[in-house]
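Here it is: the structure, laid out below.
Proteins come first, then strands; the chains are lettered A, B, ... in the order of their sequence lines, and each starts at number 1.
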Amino acid sequence: MHLGNARTALFSWAYARRHGGQMVLRIEDTDAERSTQASEDALLAELAWLGLDWDDGPHRQSERAPRHAEVVASLLETGRAYRCICTKEELETRKQATIAAGGKWTYDGLCRDADHGEDAGEHTVRLRLPAEGALAWDDGVFGPSGQDAAEIGDRIIRRSDGGVLYHLAVVVDDLDMGITHVIRGADHHANTPFQLALYAALDAVPPQFAHVPLIVDAKGKKLSKRREDASVGHYRGEGFLPEAVLNWLVRMGWSHGDQEVFSREEVARLFDLDHVGRAAASADPDKLMHLGQHWIKSLPAETLYERMAPFLAAEAGREVPRSPALDQLLDLLRERSHTLVDMASRARFAVVDELVYDEKAAAKHLKKAADPLLAALHDRLAGQDDWGADSLEASFRAVCAEQGDVGLGKLAQPVRVAVTGSAASPGIFETLVVLGRERTMARLAEALHYVRHHAG
RNA sequence: GUCCCCAUCGUCUAGAGGUUAGGACUCAGGCCUUUCAAGCCUGUAACACGGGUUCGAUUCCCGUUGGGGACGCCA
């Protein structure tokens, strides 16, 4: 699911929730080429992941083909639509000629009054637009909008293969499903007048339309569907929390004063079309990073474990059961992680058996100079009963004092590399507590061996 | 090309005639400190341009420029 679609879905959902309405999910799959079962499954999965639920559906537009055909037939019957036998090639030729002559092209109406019948051979069906008058509406975001009917021209509503076009299908479906509010991307703003003509031809009252500005890339261009970072699934895979992605999306184009952080519930309570802006917004990955961290920090321990479990398992190569020590570790890590992937890699040292030292970290901290410090600490801890953070700290400080009154860092860094393999981790005492006595002692011994045999 | 839309820090935005133009992200510096973060403090940084209207325009109007969208027998 594209970021733009996701945000549109979010706004629609929020609007419905805020106003006590019903959210209807309809999949517009009349283009068989682009609509696959896989794409539909992905869409539903992403919606669920974001926590956006619906009250009705999913409906598939493709299943309503008979109804669409029926409506076209009745439009033909009443003369509000007509058969057109102009071929694509003829149309293209006339269009180019018109443009070359400096004119503006809309369908020239050649078949408009020709009254072609069912026996016309291969033909399309066009909607007959009023010769004059405006097709106007009051947009929920853009305000008064509209275009003269004469500028639009009679457009095709049924292809020569009998399939119906999107514009006809949406209008019929929205009418049949009793849709009262349509919130969609601003790329549809210019399509709305034609759809209004369709409502008029059907003697129906159109719903309220609100067009939300597009999401563009860093260069200001419309997000291409081919860009992998334009999809919700991409961020999900990166380990971002759905809470973060939703928060990120809702702030593109919508604001609520100075508030930056919104839970799904708050969005449902506060969302408002009045504060949707009109300018396109570009998606800023840095902001997502920040929100990612914020939401990881905010999750309850239990939820955090549930979200982390698959990422932890991937890192460890096995299921990692929840335990008090793991919860403690996750708590230490949540402040410094932007994504679940990030956090899992930081937790790696505690869930694997074989530690691999980060090359640079080992070169810098596991040097000969660390030997006496590490050895003294190892001996001292071997005789220590209390494995609490406070006693560990006392031991560290005692070793530093007796080894020439060195700074704590001189000891802490080598130990950090020894037990986590990395030069960066949570506080060293907490880290040792989480790791437990046995593994700490083993890793200290290994590091000592490394210092004596590999270090330069 | 035609029609439509948009325009406040690099980015997301607040602002709806009178503000030291606010917040957030990013960036820089500082504090804290056993590392990495987090947190706290400070700083850099914006009303595209030109005309009006007005005692007074970021705010209203017009134009210019720039950007975007739509112009399909796609959705």
Exercise. Reckon A:R251 has a side-chain N or O less than 4.0 Å from the OP1 or OP2 of B:C25?
Worked result: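 Indeed not, no polar side-chain atom of A:R251 lies that close.
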For this session: Classify the nucleic acid contact of A:H167 as base, sugar-phosphate or nothing, counting any heavy atom under 4.0 Å across all strands shown.
Result: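 Result for A:H167 = base.
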Problem set entry | Pair listing, salt bridge (charged side-chain N to carboxylate O under 4.0 Å, His left out) test, anchored in residues 238-248 of chain A, at least two apart |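 The answer is A:E243-A:R307.
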Problem set entry | Between B:C73 (P) and A:I85 (CD1): distance, integer Å |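 In whole Å, B:C73 P lies 16 Å from A:I85 CD1.
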Exercise. If you take all heavy atoms of A:S337 and A:R346, which pair is closest and at what distance?
Worked result: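 Minimum heavy-atom separation between A:S337 and A:R346: OG-CD, 3.6 Å.
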Exercise. Looking only at side-chain N and O atoms, does A:S282 come under 4.0 Å of OP1 or OP2 in B:C12?
Worked result: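 Affirmative; the distance criterion is met.
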Exercise. Should the pair A:R67-A:E70 be classified as a salt bridge under the 4.0 Å nitrogen-to-oxygen rule?
Worked result: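 Yes.
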Problem set entry | Residue-phosphate contact under 4.0 Å: A:S425 side-chain N/O, B:C36 OP1/OP2 |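 Answer no for this pair, as no side-chain N or O of A:S425 is under 4.0 Å from OP1 or OP2.
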Exercise. Hey, does A:L165 reach any base, or is it just sugar-phosphate, or nothing, if we go heavy atoms under 4.0 Å?
Worked result: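 The residue A:L165 makes sugar-phosphate contact but no base contact.
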Exercise. Between B:A75, B:C36, B:G23, which one does the side chain of A:E28 approach most closely?
Worked result: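 Ranking B:A75, B:C36, B:G23 by closest atom to the A:E28 side chain puts B:A75 first.
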For this session: Please report, rounded to the nearest Å, how far the C1' atom of B:U33 is from the CG atom of A:L332.
Result: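 One finds 16 Å between C1' of B:U33 and CG of A:L332, rounded.
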Exercise. Is there a side-chain polar atom (N or O) of A:R184 under 4.0 Å from OP1 or OP2 of B:G69?
Worked result: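 So the side chain of A:R184 is outside the cut-off, no N or O lying under 4.0 Å from OP1 or OP2 of B:G69.
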Exercise. Among B:U11, B:C36, B:A37, which is the nearest nucleotide to the side chain of A:R346?
Worked result: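 Closest nucleotide to the A:R346 side chain: B:C36.
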Problem set entry | Neighbour count >12 (heavy atoms, 6.0 Å) for atom CG, A:D161 |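 Yes.
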Exercise. Looking for any heavy atom pair under 4.0 Å, which part of the strands does A:L214 touch: base, sugar-phosphate only, or nothing?
Worked result: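 Sugar-phosphate, no base atom in range.
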For this session: May I ask you to verify if any side-chain N or O of A:K364 is less than 4.0 angstrom from the OP1 or OP2 atom of B:U35?
Result: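 For B:U35, neither OP1 nor OP2 has a side-chain N or O of A:K364 closer than 4.0 Å.
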Listing time: all N or O pairs from protein to nucleotides 4-8 of chain B that are below 3.5 Å?
from : atom 1 : to     : atom 2 : distance (Å)
B:C6 : OP1    : A:R278 : NH1    : 3.1

Every protein N/O lying under 3.5 Å from an N/O of nucleotides 39-47 of chain B:
from  : atom 1 : to     : atom 2 : distance (Å)
B:G39 : OP1    : A:K297 : NZ     : 3.2

